[in-house]
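All figures in this text were calculated on a predicted structure; none of them were measured in a lab.
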Number of protein chains: 2
Amino acid sequence: MRPSRTSREEILQKLSQVFRRDGYTGASLADLANAVGLGKASLYQKFPDGKAQMGEEVLAEIGRQFDGEVLAPVREAGPIDRRLSKMLAGLRKFYEDGKLPCALDTLSLGEAGQLYRHPLSEAIRHWQEALTNLGEEAGLSPAKAAVWAEEVVISIQGALVLSRAANDPEIFRRAVKRLGKCLADSR
Amino acid sequence: MRPSRTSREEILQKLSQVFRRDGYTGASLADLANAVGLGKASLYQKFPDGKAQMGEEVLAEIGRQFDGEVLAPVREAGPIDRRLSKMLAGLRKFYEDGKLPCALDTLSLGEAGQLYRHPLSEAIRHWQEALTNLGEEAGLSPAKAAVWAEEVVISIQGALVLSRAANDPEIFRRAVKRLGKCLADSR
DNA sequence: GTCTATAATAGGATAGAC
DNA sequence: GTCTATCCTATTATAGAC
């Protein structure tokens with residue numbers, strides 16, 4: 001019997017929390033092992049290439065989770081407003097109402113930025129692409145839709161940074177709320 | 001003769017580059033000493049409390065620099081548009097056209113976030129305050145001015161994160177350019 | 001003031017028992 | 001599969017020479 005897939009998913013979930021909170025350098029193997037509830041040596045059994053591999057698989061897992069919780073609603077059929085507000089609800093959950101940082105931020109610092117260059121830019125591209133399509137469906141020109149998509153991603157990232165630095169998750173919640181009203185304004 | 005003030009300023013300038021690029025945990029004493037051009041022991045002569053003190057003084061120095069290069073133009077007399085565009089030029093210089101991260105981002109991760117809680121939130125408050133005043137002078141209601149100020153700060157922070165993660169400083173330049181046109185839209 | 005040398009500890013990674 | 005024990009290197013920090 002092959003190793004259960006959910007189990008690894010759960011491990012990656014725990015690991016991702018540490019990486020997102022503390023960044024790549026800030027996440028020590030002791031922290032990571034602790035979060036998973038295993039010894040360091042056991043982690044190396046599952047990730048023979050060590051921390052770098054953990055980060056890589058965590059990024060992939062985060063990407064899948066983001067796709068399911070945030071982007072799937074954007075792409076489904078139905079009225080634009082409903083899909084947008086489902087995405088915003090997904091974002092609130094994914095970022096735990098502004099209390100959990102984004103890996104695009106915390107895994108792009110220093111050495112990690114080089115290490116994960118491609119997955120990071122691909123993740124951004126996917127997000128913007130889904131939003132651009134939504135913007136066009138809402139009646140924006142391709143150019144305006146692309147700008148709107150970029151501004152949405154920027155707003156989320158900026159609000160997360162500000163919430164963390166100011167220690168005030170309300171900043172994130174306010175920003176999400178404003179995004180619910182701004183599609184019409186871009187027209 | 002007491003130690004020259006510019007010399008310490010220059011040291012803090014070098015240190016701040018490392019902290020901003022690599023974050024608090026990512027900046028090792030070897031990196032920091034190297035950037036300054038001194039041995040590690042010499043750094044401890046100047047900062048007896050080590051890395052924590054360096055970060056603290058770096059944040060203070062960054063605050064002064066930001067105040068001079070970015071916020072001073074916002075507060076000076078003259079037409080609103082001119083002051084806004086001077087701020088944007090200041091931002092482009094301060095963030096080296098999107099290539100140098102903001103300390104609000106990279107020094108708010110993990111342990112550093114707790115360590116520098118107060119200077120970080122104070123820095124944000126100062127920035128938002130100056131922008132809110134500008135917004136009111138431009139004719140916005142106090143409430144709308146506060147929202148506009150928050151959105152400007154969010155846009156800058158988000159654009160910096162995105163530029164870094166996507167490895168594309170153009171994202172930052174575009175965002176700054178858009179900020180030059182958005183004050184009127186908030187009215 | 002700055003350096004070399006060195007201590008003390010933490011971090012990443014592996015060996016081998018169970 | 002997981003653990004204890006261990007290795008090696010990097011990191012923070014200090015002592016003491018110049």
Side-chain angles (χ1 to χ4, degrees), chain A residues 1-59 61 103 106-107 109-116, chain B residues 1-59 106-107 109-116:
Chain A
M1 168 181 156
R2 59 169 172 73
S4 105
R5 202 167 197 289
T6 23
S7 175
R8 193 169 185 91
E9 230 178 84
E10 279 165 11
I11 290 173
L12 290 172
Q13 195 55 40
K14 304 289 185 97
L15 294 178
S16 82
Q17 295 244 344
V18 181
F19 277 123
R20 284 172 70 179
R21 280 186 210 282
D22 299 334
Y24 186 74
T25 316
S28 73
L29 284 197
D31 295 335
L32 294 163
N34 217 336
V36 174
L38 288 175
K40 285 192 274 181
S42 304
L43 263 192
Y44 272 93
Q45 191 76 4
K46 300 175 186 308
F47 303 91
D49 290 340
K51 202 172 158 179
Q53 185 186 358
M54 294 179 213
E56 200 178 311
E57 292 198 27
V58 156
L59 272 179
E61 173 62 26
T106 68
L107 289 186
L109 269 188
E111 42 167 352
Q114 304 303 318
L115 200 51
Y116 303 125
Chain B
M1 167 182 157
R2 59 169 171 73
S4 102
R5 201 167 198 292
T6 23
S7 176
R8 192 168 186 91
E9 231 178 83
E10 280 164 9
I11 290 173
L12 290 172
Q13 194 56 40
K14 304 290 185 94
L15 293 178
S16 82
Q17 296 244 344
V18 181
F19 278 123
R20 286 173 68 181
R21 281 186 207 282
D22 299 333
Y24 186 73
T25 315
S28 73
L29 286 196
D31 295 336
L32 294 162
N34 215 335
V36 174
L38 287 175
K40 286 190 273 181
S42 304
L43 262 193
Y44 272 95
Q45 190 77 5
K46 300 176 186 307
F47 303 92
D49 290 338
K51 203 171 156 180
Q53 185 186 359
M54 294 178 211
E56 201 179 312
E57 292 197 28
V58 156
L59 271 179
T106 68
L107 289 187
L109 269 189
E111 42 168 352
Q114 304 303 319
L115 199 52
Y116 303 125

Just compare [options] and give me whichever is closest to any side-chain atom of [X].
X	options	answer
A/Lys51	D/dT2, D/dT14, C/dA13	C/dA13
B/Lys46	C/dT2, C/dT14, C/dC3	C/dT2
B/Ser28	D/dT14, C/dG12, D/dT11	D/dT11

A/Phe19 and A/Tyr24 aromatic ring geometry - parallel, tilted or perpendicular at 30°/60° bounds | parallel
Need one value for [X]: base, sugar-phosphate or nothing, where a base atom within 4.0 Å counts as base even if backbone is also close, heavy atoms only.
X	result
A/Ala52	nothing
B/Lys40	base
B/Ser42	base
B/Ala33	nothing

Donor-acceptor under 3.5 Å (B/Lys46 side chain, B/Arg8 main chain): no
Could you give the [atom1]-to-[atom2] distance, from [X] to [N], as a whole number of Å?
X	N	atom1	atom2	value
B/Glu111	C/dG11	CD	C1'	13 Å
B/Leu29	D/dT14	CG	C1'	12 Å
B/Leu115	D/dT12	CG	P	14 Å
B/Leu43	C/dT4	CG	P	14 Å
A/Asp31	C/dG11	CG	C1'	10 Å
B/Phe47	D/dT11	CZ	P	19 Å
B/Asp49	D/dT12	CG	P	15 Å
B/Glu10	C/dG1	CD	P	14 Å

- Could you tell me whether the phosphate oxygens of D/dT14, OP1 or OP2, come under 4.0 Å of any side-chain nitrogen or oxygen in B/Tyr44? no
(Q) Quick one, A/Leu107 and A/Leu59 - any side-chain contact, counting heavy atoms below 4.5 Å? (A) yes
Walking DNA chain C from its 5' end, the first of A/Gln45 and A/Tyr24 to be reached, judged by nearest nucleotide, is A/Tyr24
Closest non-hydrogen contact found for A/Gly39 with A/Ala33 is C-CB, 3.9 Å
Checking B/Ile11, B/Leu32, B/Val58 against B/Phe47 for side-chain contact (heavy atoms from CB on, under 4.5 Å), the one that qualifies is B/Ile11
